[in-house]
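One structure is given below, encoded as structure tokens.
Side chains are part of it too, since the values below use all heavy atoms of this structure and drop only hydrogens, waters and symmetry mates.
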Amino acid sequence: MTSDTTPEDFVRPDNKLPTVFDLLVLQRGSSIFFDYLRESGTISQRMKDDSEKSTLLLPSNKAVIALGWKPHQGPPKPSPDGEVGVEITEAMGKANVERWLSAHILPVDDIDFTSENPIPTLLEGRSVSVLKTHTGQSEEWKNYGLAQGDGAIGLTKRIPASNGVIYVIDGTISSE
């Protein structure tokens with residue numbers, strides 16, 4: 001999508017907006033996340049399904065590259081001898097990717113910015129909280145970020161879809 005197009009420009013033949021998955025194809029600045037998502041059958045199917053409402057917290061390529069580890073590796077964990085690193089099997093890599101992807105998906109059609117309650121992600125035991133970071137922005141969502149440590153992950157773009165919404169974020173959600 002270019003800056004002068006909107007999801008409405010890509011209405012499907014059934015007059016619905018594109019799905020979250022359809023819109024991900026157009027997000028060149030977040031292609032790394034999309035590459036991981038396509039490898040996950042269950043999560044990519046959810047993003048295609050109109051009956052499964054989801055809010056996707058979509059990290060930019062820059063945010064993914066800034067990680068000190070790759071999502072298939074998972075966060076580095078020290079071994080008993082103090083060394084950091086572990087040999088990653090294909091099954092472990094797939095599980096790490098599933099966890100990382102799941103931490104970025106909320107099983108709701110949009111974020112309720114008026115609620116102070118944490119919002120569960122698809123990753124069991126993991127939730128995110130919204131934090132007011134600005135006031136007076138023209139669109140309410142632009143006044144918020146996602147709480148992370150002592151700061152916030154910024155929401156940089158909102159893209160409505162038939163089965164939810166995508167928020168492009170300038171960070172990543174920890175799967176730990």
query: How far does OG1 of T42 sit from CD of E52, to the nearest 0.5 angstrom?
result: 10.5 Å

query: Do side-chain atoms of T172 reach the backbone of V64 as a donor and acceptor pair under 3.5 angstrom?
result: no

field: Over all atoms of both residues, closest heavy-atom pair of S102 and I43
entry: OG-CD1, 3.5 Å

- request: Return the minimal non-hydrogen interatomic distance between E98 and S40, and the atom names on each side.
  value: OE2-OG, 2.6 Å

query: Going only through I, L, V, M, F, W and Y residues with side-chain contacts under 4.5 Å, is there a path from I65 to I169?
result: no

- prompt: With the 4.5 Å side-chain cut-off for hydrophobic clustering, are I153 and L131 part of the same group?
  reply: no

message: Looking at S174, is its backbone amide N or carbonyl O close enough to the side chain of R126 to form a donor-acceptor pair, meaning the two atoms are under 3.5 Å apart?
response: yes

- prompt: Which value, rounded to the nearest 0.5 Å, describes the distance between L155 atom CG and N143 atom CG?
  reply: 10.5 Å

Donor-acceptor contact below 3.5 Å, side chain T19 vs main chain N163: no

query: How far does NZ of K157 sit from CH2 of W141, to the nearest 0.5 angstrom?
result: 9.5 Å

query: Considering only heavy atoms from C-beta outward, does the side chain of I173 approach that of L101 to under 4.5 Å?
result: no

- request: Report yes or no: does D170 contribute a side-chain atom to a donor-acceptor pair with the main-chain N or O of G154 at less than 3.5 Å?
  value: yes

task: Taking the six-membered ring of Y36 (Phe, Tyr or Trp), confirm whether the NZ or CZ of R38 is under 6.0 Å from its centre and within 45° of its axis.
output: no

message: If hydrophobic clusters are built from ILVMFWY residues whose side chains come within less than 4.5 Å, do L67 and L37 share one?
response: yes

statement: Tightest non-hydrogen contact, residues P120 and P107, listed as O-CD, 3.2 Å

query: Atom CG of L106 and atom CG of L122: how far apart are they, to the nearest 0.5 Å?
result: 8.0 Å

Value rounded to 0.5 Å, distance of OG in S175 from CG in N96: 7.0 Å

- prompt: Going by atom types alone, do S54 and R46 pair a side-chain donor with an acceptor below 3.5 Å?
  reply: yes

message: Donor-acceptor check, side chain of T121 to backbone of I105, threshold 3.5 angstrom: yes or no?
response: no

Within one Ile-Leu-Val-Met-Phe-Trp-Tyr cluster: Y167 and L123, side-chain cutoff 4.5 Å: no

field: Side-chain donor/acceptor of N61 to backbone N/O of R28, under 3.5 Å
entry: yes

field: Test log, rule side-chain contact (heavy atoms from CB on, under 4.5 Å), inputs L24 and L58
entry: CA-CA 9 Å; L24 283 172; L58 179 62; 3.6 Å; yes

message: With a 3.5 Å distance limit and no angle check, can you tell me whether S44 reaches the backbone of G41 through a side-chain donor-acceptor pair?
response: yes

message: Are I159 and V20 linked, directly or through intermediate hydrophobic residues, by side-chain heavy-atom contacts shorter than 4.5 Å (ILVMFWY only)?
response: yes

Closest approach of P59 to S30 (non-hydrogen atoms, all atoms of both residues): O-OG, 3.2 Å

task: Give a yes or no answer on whether the side chain of K132 reaches the backbone of G145 with a donor-acceptor pair at less than 3.5 Å.
output: no

- prompt: What orientation do H104 and F33 show, parallel under 30°, tilted 30 to 60°, or perpendicular over 60°?
  reply: perpendicular

query: With K62, which residues qualify under side-chain contact (heavy atoms from CB on, under 4.5 Å), at least two apart?
result: S60

query: In this structure, are over 12 heavy atoms from other groups packed under 6.0 Å from Q45 atom CD?
result: yes

- prompt: Between atom CD of Q27 and atom CD1 of I32, what is the distance when rounded to the nearest 0.5 Å?
  reply: 14.0 Å

- prompt: Between I119 and S127, is a side-chain contact (heavy atoms from CB on, under 4.5 Å) present by the stated rule, with each step listed?
  reply: CA-CA 5 Å; I119 307 162; S127 61; 5.7 Å; no

message: Going by the rule side-chain hydrogen bond (donor to acceptor under 3.5 Å, both in side chains), which residues pair with E124 if we only count those two or more places apart in sequence or in a different chain?
response: none

task: Output every pair passing salt bridge (charged side-chain N to carboxylate O under 4.0 Å, His left out) with a member in residues 107-120, not counting sequence neighbours, ordered by first then second residue.
output: D110-R158

